S.K.: 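Below is the structure I would like to discuss, written out as structure tokens.
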Amino acid sequence: MAESSRILLGVNIDHVATLRQARGTRYPDPLKAALDAEEAGADGITLHLREDRRHIQERDVRMMKDALQTRMNFEMGVTDAMLKFAESIRPEHICLVPETRQELTTEGGLDVAGQEARIRTAVERLSRLGSEVSLFIDAEPEQIEAARRIGAPAIELHTGRYADAETPAKQAEELERIRRGVALGNELGLIVNAGHGLHYHNTQAVAAIKGIHELNIGHAIVAHALFVGFKQAVKEMKHLIVSTSRH
Ligand SMILES: CC(=O)[C@@H](O)[C@H](O)COP(=O)(O)O
Ligand SMILES: NCC(=O)COP(=O)(O)O
């Protein structure tokens, strides 16, 4: 099958910064991780500047923007401060995500259907930067249709419920929900990405779904890198995705 049909890999380097922030040191440097990831085959780098700055800092974003060889996928909450910061960075890709301070990680998708005017305004404002804007949403038809209505070119389906499923039956149910969401997104002409909670044992089933453009994976790659090194961890994930999605 043509190379262009393979799923792309976006490597999220948030949790390299988590380790750094644990002691307030200068190491490990998320920028080094990002450059290593690119050398190992990452198609893009994802990073999430959270309002509480628990991991990625503004300095990381600025340094990364000037140094990346591939492209930046900048994840942000829909706030005026973040919109202004994004305008100062002009990332190639921007993903709008929901954020609550107390959350351990992103728990659900952005509620586009419940706030269409607000999200439409943010998408239009960020698109004027030349950025490709995607919306991090649950694989629910009402959210996917709302994303299309407000003119977002891309969506990223939240795979957390699939990743966290406690039984094989529930995991299969969630995988089918993602499959249906990918099909609907493609039918509506959207670029469909996916991510959250994917690791070396649950990614292949998602990568086998036709119509996914890119998978964004971070936490599991950073964790595996502790034992095999960052480049090797990225190479293994990339191989896993490419070998699955080519069939
Ligand atoms: C939106 C998403 O699923 C992740 O990319 C996001 O970065 C999760 O936030 P943490 O990395 O802080 O868990
Ligand atoms: N948007 C998902 C992402 O960037 C990485 O999520 P995770 O693999 O760190 O859970």
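Model, not experiment: these values are computed from the prediction. In each ligand, atom 1 is the first atom listed, and ligand 1 is the first ligand listed. Computed over heavy atoms, backbone and side chain alike; hydrogens, waters and symmetry mates excluded.
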S.K.: Can Ile137 and Leu157 be said to form a side-chain contact (heavy atoms from CB on, under 4.5 Å), step by step?
M.R.: CA-CA 5 Å; Ile137 59 173; Leu157 300 181; 4.1 Å; yes
S.K.: Check each atom of ligand 2 against the heavy atoms of Gly197 and keep those under 4.0 Å away; list them by number with element.
M.R.: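 The atoms of ligand 2 under 4.0 Å from a heavy atom of Gly197 are 7 (P), 8 (O), 10 (O).
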S.K.: Mark up the atoms of ligand 1 that fall under 4.0 Å of a heavy atom belonging to Val97, in ascending order.
M.R.: 1 (C)
S.K.: Please check if the number of heavy atoms outside His224 that lie under 6.0 Å from its NE2 is greater than 12.
M.R.: yes
S.K.: Restricting to non-hydrogen atoms, name the atom on Lys84 and the atom on Arg125 that form the minimum distance, rounded to 0.1 Å.
M.R.: CG-NH2, 3.7 Å
S.K.: Among protein heavy atoms, which lies nearest atom 8 (C) of ligand 1, and at what distance?
M.R.: Thr106 OG1, 3.1 Å
S.K.: Mind running side-chain contact (heavy atoms from CB on, under 4.5 Å) on Leu19 and Tyr27 for me, showing each step along the way?
M.R.: CA-CA 8 Å; Leu19 187 54; Tyr27 63 88; over 6 Å; no
S.K.: Taking only Lys NZ, Arg NE, NH1 and NH2, and the carboxylate oxygens of Asp or Glu, determine whether Asp43 and Lys238 approach each other closer than 4.0 Å.
M.R.: yes
S.K.: Hey, looking at atom 6 (O) of ligand 2, which of His196, His15, His158 has the closest heavy atom?
M.R.: His196
S.K.: Got the closest protein heavy atom to atom 9 (O) of ligand 2, with its distance?
M.R.: His219 N, 2.9 Å
S.K.: Looking at Arg177 and Glu174, is any side-chain nitrogen of the basic one under 4.0 Å from a carboxylate oxygen of the acidic one?
M.R.: yes
S.K.: Would you mind running through ligand 1 and noting each atom that sits below 4.0 Å from a heavy atom of Asn12?
M.R.: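 Listed by number with element, the hits are 5 (O), 7 (O).
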S.K.: Parallel, tilted or perpendicular: which describes the rings of His15 and His55, with under 30° parallel and over 60° perpendicular?
M.R.: perpendicular
S.K.: What part of His48 sits under 4.0 Å from ligand 2 if we count only heavy atoms: the side chain, the backbone, both or neither?
M.R.: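 Looking at His48 and ligand 2, no heavy atom falls under 4.0 Å.
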S.K.: Judging by distance only, is a nitrogen or oxygen of Thr46 under 3.5 angstrom from one on ligand 2?
M.R.: no
S.K.: What protein heavy atom is closest to atom 13 (O) of ligand 1, reported as residue, atom name and distance in Å?
M.R.: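 Of every protein heavy atom, Thr105 OG1, 2.5 Å lies nearest to atom 13 (O) of ligand 1.
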S.K.: For Glu156 and His196, test the side chains for any donor-to-acceptor distance below 3.5 angstrom and give the result as yes or no.
M.R.: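 Looking only at side-chain atoms, His196 and Glu156 do not form any donor-acceptor pair under 3.5 Å.
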S.K.: What is the closest protein heavy atom to atom 3 (O) of ligand 1, and at what distance does it sit?
M.R.: His196 ND1, 2.5 Å
S.K.: Taking only heavy atoms of Asn12, which atoms of ligand 2 are found under 4.0 Å from at least one of them?
M.R.: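 Under 4.0 Å from Asn12, ligand 2 has these atoms: 3 (C), 4 (O), 5 (C).
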S.K.: Please write down residue, atom name and distance for the protein heavy atom closest to atom 5 (C) of ligand 2.
M.R.: Asn216 O, 3.6 Å
S.K.: So is there a nitrogen or oxygen of Gly195 less than 3.5 Å from a nitrogen or oxygen in ligand 2?
M.R.: no
S.K.: Are any of the N/O atoms in His15 less than 3.5 Å from those in ligand 1?
M.R.: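 Yes; the residue has a nitrogen or oxygen that sits under 3.5 Å from a nitrogen or oxygen of the ligand.
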S.K.: Pick, from Glu75, His48, Glu156, His158, the option with the minimum heavy-atom distance to atom 5 (O) of ligand 1.
M.R.: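 The nearest heavy atom belongs to Glu75.
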S.K.: Pull out every atom of ligand 2 sitting under 4.0 Å from any heavy atom of Phe136, numbered as shown with elements.
M.R.: 1 (N)
S.K.: Could you tell me if Thr46 and Asn73 have a donor-acceptor pair between their side chains, going purely by distance under 3.5 Å?
M.R.: yes
S.K.: Salt bridge or not for Asp60 and Arg53, using N-O below 4.0 Å?
M.R.: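 Looking at Arg53 together with Asp60, the answer is no, because their closest N to O distance does not fall below 4.0 Å.
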S.K.: Which ligand 1 atoms does His55 reach within 4.0 Å, using its non-hydrogen atoms?
M.R.: 10 (P), 11 (O), 12 (O)
S.K.: I need the nearest protein heavy-atom contact for atom 8 (O) of ligand 2: residue, atom name and distance, please.
M.R.: Gly218 N, 2.8 Å
S.K.: When you look at Phe85 and Leu49, which way does the side-chain contact (heavy atoms from CB on, under 4.5 Å) test go after all the steps?
M.R.: CA-CA 10 Å; Phe85 181 76; Leu49 181 67; 3.6 Å; yes
S.K.: If the cut-off is 4.0 Å to any non-hydrogen atom of Ile217, which atoms of ligand 2 fall inside it?
M.R.: 8 (O)
S.K.: Backbone, side chain, both or neither: what part of Arg50 comes under 4.0 angstrom of ligand 1, heavy atoms only?
M.R.: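 The answer is the side chain.
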S.K.: side-chain contact (heavy atoms from CB on, under 4.5 Å) for Gln21 and Gln57? Distances and angles first, verdict last.
M.R.: CA-CA 10 Å; Gln21 297 303 116; Gln57 307 300 311; 3.3 Å; yes
S.K.: Among protein heavy atoms, which lies nearest atom 1 (N) of ligand 2, and at what distance?
M.R.: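 Its nearest protein heavy-atom neighbour is Glu156 OE2, 2.6 Å.
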S.K.: Is there a side-chain contact between Phe136 and Asn193 (heavy atoms, below 4.5 Å)?
M.R.: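 SC-SC contact between Phe136 and Asn193 ruled out.
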S.K.: List the closest protein heavy-atom neighbour of atom 11 (O) of ligand 1: residue, atom name, distance to the nearest 0.1 Å.
M.R.: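 Looking at atom 11 (O) of ligand 1, the protein heavy atom closest to it is Asp14 OD2, 2.7 Å.
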